[in-house]
Amino acid sequence: MASLLPPTLRRFAVTTSALLGLAVTTAQGADTLKIGLVTALSGQSAKSGEAISRGMSLAIDEINAKGGVLGRPLELVARDDEANPSKGVLATRELIQRVGVVAVVGGLDTPVSMAIVPIANQMKVPFIGPWAAGTGITRNGAADNYAFRVSAVDALVDEALVAYAVKTYGAKRPGMILVNNAWGESNQKGLKDALQAANLPAAGIEKYEANDVDMVPQLSRLKEAGADALFLVGNVGPSAQVVKSLDRMGWSVPVVSHWGPAGGRFDELAGPSAGKVHFIQTFTFAGNSSPKAGAVLGALKAKYPAIKSMADVTPAVGIANAYDATHLLALAIQAAGSTEGAKVRDGFYKIGTYPGLIKTYEKPFAPGQHDALGPNDYVFTRFKDGEIVAVTN
């Protein structure tokens with residue numbers, strides 16, 4: 001009908017209609033419970049950030065299909081921290097102060113998470129980590145702690161790495177090659193403690209910068225020191241450079257890694273030897289016959305048609321951790337009966353049983369226990385034909 005009106009009135013009708021539409025959209029948006037996501041959505045860790053976003057989105061779809069939380073739909077509001085702690089802090093403040101999120105999920109990198117935690121504690125807004133494993137993220141010493149995690153924990157991972165190297169490779173004098181940042185420091189302490197508990201010496205500890213492309217000098221020192229296995233801690237890019245440096249040296253030494261290689265196309269970057277690296281995970285779709293895994297994988301493919309094969313869901317660990325974390329957050333809000341930060345924090349302690357993707361959770365959180373996953377939830381994996389598959393010994 002607007003086309004039959006004079007031009008002046010036609011413009012008025014269109015403008016009024018647009019404004020009314022905007023008003024409806026704004027009202028609907030204000031009625032949602034907003035959950036913030038701060039993670040790396042660009043750069044070498046973008047695949048990991050994408051996986052976290054997808055896992056959260058799948059969970060939110062399920063929750064909203066059942067009526068949301070406290071009668072309100074959940075809405076995901078994401079920000080790219082570019083793996084930069086300062087940008088992570090700015091994004092967190094903006095999400096809390098301007099967007100009004102009920103909780104913040106994220107911190108793909110340990111240095112970013114470590115920077116966000118004091119903000120969350122200060123502003124009394126729950127922070128849930130689905131990836132970063134630095135021990136101090138949840139074990140931060142705060143009397144009023146708002147940091148929770150559904151992910152690996154360095155102190156426990158390091159114990160598992162040492163046990164695996166001894167059992168699988170008979171390691172007697174392993175060495176460490178670690179990224180020179182807070183994540184590397186967290187694992188240096190954890191590995192030293194784990195080796196001491198196992199009564200094993202360390203052949204040496206070498207560090208590298210995240211942008212290094214040649215680790216031959218550090219690896220040569222470890223070789224000369226008699227290292228019979230290597231513990232690797234680093235994200236996708238530098239982990240691949242370690243493998244390529246080993247190939248240039250012609251040194252065939254077992255590499256037991258934290259989960260950094262899972263964060264992207266490690267197999268493409270590292271070359272033919274990528275499959276030799278065994279790394280820890282909390283979940284894998286490959287070979288997983290559980291009905292829950294099948295249902296989530298089906299929903300993932302339906303929502304993201306670009307996923308054609310198992311290789312396209314890398315890294316599955318990000319999807320699974322974020323999926324379970326979002327459901328647990330929803331349960332905490334429901335248990336709190338409120339969106340007030342302190343009540344939501346206490347709501348985590350009221351969660352009973354939740355049949356998740358990684359496992360069935362039984363009272364996963366308590367005061368002084370803010371990590372939902374433990375050493376029994378880890379599995380060792382490797383790359384095979386573009387997929388992350390469980391290692392079968």
Query raised in the report: Mind checking whether His370 and Tyr349 have ring centres under 6.0 Å apart?
Result: yes
Query raised in the report: Backbone N or O of Leu178 within a donor-acceptor pair of the Gln188 side chain at under 3.5 Å?
Result: no
**Report entry** Option from Val112, Val105, Leu108 for which side chain to side chain contact (heavy atoms under 4.5 Å, CB included) with Thr39 holds
**Finding:** Leu108
Report task. Is it possible for you to say whether Met249 and Val213 belong to one hydrophobic cluster, with membership spreading through side-chain heavy-atom contacts below 4.5 Å? Result -> no
**Report entry** Lys/Arg-Asp/Glu bridge criterion (N-O < 4.0 Å) met for Glu387, Lys384
**Finding:** no
Query raised in the report: Can you tell me how far CG of Leu232 sits from CG of Leu161, rounded to the nearest 0.5 angstrom?
Result: 9.5 Å
Query - Residues, nucleotides or ligands: over 12 heavy atoms within 6.0 Å of Lys189 NZ - result: no
Query raised in the report: Between atom CG of Asn145 and atom CD of Gln369, what is the distance when rounded to the nearest 0.5 Å?
Result: 11.0 Å
Report task. First locate atom CG of Asn180, then atom CD of Glu206, and finally report the distance between them rounded to the nearest 0.5 Å. Result -> 11.5 Å
Query raised in the report: Counting only heavy atoms not in Lys207, do more than 12 sit closer than 6.0 Å to its NZ atom?
Result: yes
Requested in this report: May I ask you to test the Asn321-Leu373 pair for a side-chain heavy-atom distance under 4.5 Å?
Outcome: yes
Requested in this report: Output the distance between atom CZ (Arg149) and atom CH2 (Trp131), rounded to the nearest 0.5 Å.
Outcome: 13.5 Å
Query - Test log, rule side-chain hydrogen bond (donor to acceptor under 3.5 Å, both in side chains), inputs Thr135 and Asp154 - result: CA-CA 5 Å; Thr135 304; Asp154 283 342; 4.7 Å; no
Requested in this report: List the steps and the verdict of side-chain hydrogen bond (donor to acceptor under 3.5 Å, both in side chains) for Asp312 and Tyr304.
Outcome: CA-CA 10 Å; Asp312 296 324; Tyr304 304 101; over 6 Å; no
Requested in this report: May I ask you to decide whether Arg54 forms a salt bridge with Glu50, counting only side-chain N to carboxylate O separations under 4.0 Å?
Outcome: yes
Query raised in the report: Regarding Arg382 and the six-membered ring of Phe279, is the cationic atom NZ or CZ under 6.0 Å from the ring centre and inside 45° of its axis?
Result: no
Report task. May I ask you to test the Val389-Thr284 pair for a side-chain heavy-atom distance under 4.5 Å? Result -> no
Requested in this report: Evaluate the criterion side-chain hydrogen bond (donor to acceptor under 3.5 Å, both in side chains) for residue pair Asp109 and Asn235; output intermediate values, then yes/no.
Outcome: CA-CA 9 Å; Asp109 301 88; Asn235 286 331; 3.2 Å; yes
Query - Ile319 side chain reached by Phe283 side chain, heavy atoms, under 4.5 Å - result: no
Requested in this report: Quick one: pull up CG in Asn181 and OG1 in Thr110 and give me the separation to the nearest 0.5 Å.
Outcome: 7.5 Å
Requested in this report: Evaluate the side chain to side chain contact (heavy atoms under 4.5 Å, CB included) criterion for residues Arg248 and Ser245: first the C-alpha distance (whole Å), next the side-chain angles of each, then the deciding distance (0.1 Å), finally the verdict.
Outcome: CA-CA 5 Å; Arg248 288 197 296 273; Ser245 295; 3.0 Å; yes
Query - Check: Glu62/Tyr323 side-chain N/O donor and acceptor closer than 3.5 Å - result: yes
Query raised in the report: Is Val104 reachable from Met56 through a run of I, L, V, M, F, W or Y residues, each pair having side-chain heavy atoms under 4.5 Å apart?
Result: no
Report task. Step by step, work out the salt bridge (charged side-chain N to carboxylate O under 4.0 Å, His left out) result for Arg173 and Asp228. Result -> CA-CA 6 Å; Arg173 191 177 174 81; Asp228 56 4; over 6 Å; no
Query raised in the report: Taking it one step at a time, do Glu362 and Thr353 satisfy side-chain hydrogen bond (donor to acceptor under 3.5 Å, both in side chains)?
Result: CA-CA 5 Å; Glu362 300 285 353; Thr353 301; 2.6 Å; yes
Query - Phe380 ring center within less than 6.0 Å of Tyr164 ring center - result: yes
Query raised in the report: Backbone N or O of Leu200 within a donor-acceptor pair of the Lys172 side chain at under 3.5 Å?
Result: no
Requested in this report: Give a yes or no on whether Tyr378 and Val255 share a hydrophobic cluster (residues Ile, Leu, Val, Met, Phe, Trp, Tyr; joining criterion: side-chain heavy atoms under 4.5 Å apart).
Outcome: yes
Report task. Assert yes or no for the condition that the ring centre distance of Phe148 to Phe348 is strictly below 6.0 Å. Result -> yes
Query - Pro174 side chain near Leu230 side chain, heavy-atom distance below 4.5 Å - result: no
Query - Side-chain donor or acceptor of Ser338 paired with backbone N/O of Glu340 under 3.5 Å - result: yes
Query raised in the report: If you draw a 6.0 Å radius around CG in Asn211, do more than 12 non-hydrogen atoms from other residues or ligands fall strictly inside?
Result: yes
Query raised in the report: Under 4.5 Å between any side-chain heavy atoms of Val179 and Pro238, yes or no?
Result: no
Query raised in the report: Quick one: are Asp324 and Tyr361 in side-chain contact, heavy atoms under 4.5 Å?
Result: yes
Report task. Would you confirm whether Asn187, through its side chain, and Gly190, through its main-chain N or O, come within 3.5 Å as a donor-acceptor pair? Result -> no
Query raised in the report: Take atom NZ in Lys343; do more than 12 heavy atoms of anything else shown fall under 6.0 Å from it?
Result: no
Query - Result of checking Thr92, Val125, Leu90 against Ile119 for side chain to side chain contact (heavy atoms under 4.5 Å, CB included) - result: Thr92
Requested in this report: Kindly indicate whether the side chain of Leu219, heavy atoms from C-beta on, has any atom under 4.5 Å from the side chain of Leu246.
Outcome: yes
Query - Short N-O contact, Arg345 and Asp144, less than 4.0 angstrom - result: yes
Query raised in the report: Does Ala142 offer a backbone N or O that forms a donor-acceptor pair with the side chain of Asn140 under 3.5 Å?
Result: yes
Requested in this report: Give a yes or no on whether Ile137 and Trp183 share a hydrophobic cluster (residues Ile, Leu, Val, Met, Phe, Trp, Tyr; joining criterion: side-chain heavy atoms under 4.5 Å apart).
Outcome: no
Query raised in the report: When clusters are formed by joining ILVMFWY residues with side-chain heavy atoms under 4.5 Å apart, either directly or through shared neighbours, do Ile52 and Ile63 land in the same one?
Result: yes
Query raised in the report: With no hydrogens and no angle check, is any side-chain donor or acceptor of Arg72 less than 3.5 Å from a backbone partner on Thr32?
Result: yes
Query raised in the report: Do the side chain of Ser239 and the main chain of Gly234 share a donor and acceptor less than 3.5 angstrom apart?
Result: yes
Query raised in the report: Do NZ/NE/NH1/NH2 and the carboxylate oxygens of Asp377 and Lys359 come within less than 4.0 Å?
Result: yes
**Report entry** Heavy-atom side-chain proximity of Val344 to Val102 below 4.5 angstrom
**Finding:** yes
Requested in this report: State the CZ-CG distance between Arg139 and Asp371, to the nearest 0.5 angstrom.
Outcome: 6.0 Å
